[in-house]
Amino acid sequence: MVKENKVMDEKIQLFKELINESKNIVFFGGAGVSTESGLPDFRSKDGLYNQQYKYPPEEILSHTFFINNTDEFYSFYKAKMNSLKYQPNITHVKLAELENKDKLKAVVTQNIDGLHQKAGSKVVYELHGSVLRNYCMKCNKAYDAEYVFNSDGVPRCSCGGIIKPDVVLYEEGLNHLTLNNAVNAIASADMLIVAGTSLTVQPASGLINYYSGNKLVLINRDATAYDTKANLVINESLGKVFEEIEV
Ligand SMILES: [Zn+2]
């Protein structure tokens with residue numbers, strides 16, 4: 001145990017040195033970034049996808065289901081996807097501080113909860129959209145998350161149209177502009193931190209192949225298929241790693 005701690009200390013020390021010598025850091029994060037704020041992970045063993053519902057969550061969160069069973073979609077969505085009551089954790093905060101110091105250029109995230117922005121991050125590429133943005137399907141009027149989560153039944157626009165969250169559902173493609181921005185940020189990064197993701201969800205996981213530098217850091221509780229490509233692998237909780245970072 002003492003020896004393991006020493007190895008971990010050395011890895012975190014190296015992580016700090018890599019951050020210090022980098023000027024164009026990009027952070028690529030998955031569900032693990034948000035679970036440390038208390039949000040359930042969609043895909044983990046004890047996450048949403050293994051809970052009991054009338055339909056499996058991956059079916060409820062599909063485009064077809066949204067169109068055909070809008071009422072049931074929203075009862076699930078409002079019960080399980082409301083991130084408004086959660087707060088950013090130390091990782092979100094340190095990333096925002098690194099951006100503020102002009103060392104970090106972008107956060108690319110698979111999360112839809114808006115916690116990076118809540119922590120103060122400005123450049124955030126949300127591959128799967130955000131619960132914070134919602135639009136009327138008829139007239140395109142924008143609505144905030146409070147309006148949607150606090151509505152009774154299916155949230156409706158003043159024009160009568162149904163409001164849809166700007167979240168990428170199953171069967172829907174990623175936003176091209178967001179994807180392009182993420183690719184460009186990763187391709188030009190001098191350091192890429194990939195954290196809180198098992199890198200199993202495509203096409204998001206393929207994004208890290210655009211990184212061509214020699215400071216690829218993977219931080220995840222468990223091993224990933226990309227560990228052999230990384231210059232540094234830290235199997236530790238994100239919060240424990242980021243609380244050591246001095247900005
Ligand atoms: Zn409308």
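Note that ligands are numbered from 1 as they come in the structure, with each ligand's atoms numbered from 1 the same way.
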Heavy-atom count around Tyr226 OH within 6.0 Å, excluding the residue itself: above 12?
yes
If only side-chain N and O atoms count, and only distance matters, is there a donor-acceptor pair under 3.5 Å linking Asp227 with Thr224?
yes
Distance-only check: which donor-acceptor pairs under 3.5 Å involve side-chain atoms of residues 17-27, not counting sequence neighbours?
unit_1 : atom_1 : unit_2 : atom_2 : d
Asn20  : ND2    : Lys16  : O      : 3.4
Ser22  : OG     : Leu18  : O      : 2.6
Ser22  : OG     : Lys215 : NZ     : 2.9
Asn24  : ND2    : Ser188 : O      : 2.9

Any side-chain donor-acceptor pair under 3.5 Å between Glu171 and Thr64?
yes
Ring pair (Phe, Tyr, Trp, His ring centres under 6.0 Å): which pairs involve residues 89-121, sequence neighbours left out?
His92-His116
Spell out the protein N/O/S atoms under 2.8 Å from the Zn ion (ligand 1) as residue plus atom name.
Cys136 SG, Cys139 SG, Cys157 SG, Cys159 SG
Phe149: what forms a ring pair (Phe, Tyr, Trp, His ring centres under 6.0 Å) with it, not counting sequence neighbours?
Tyr77
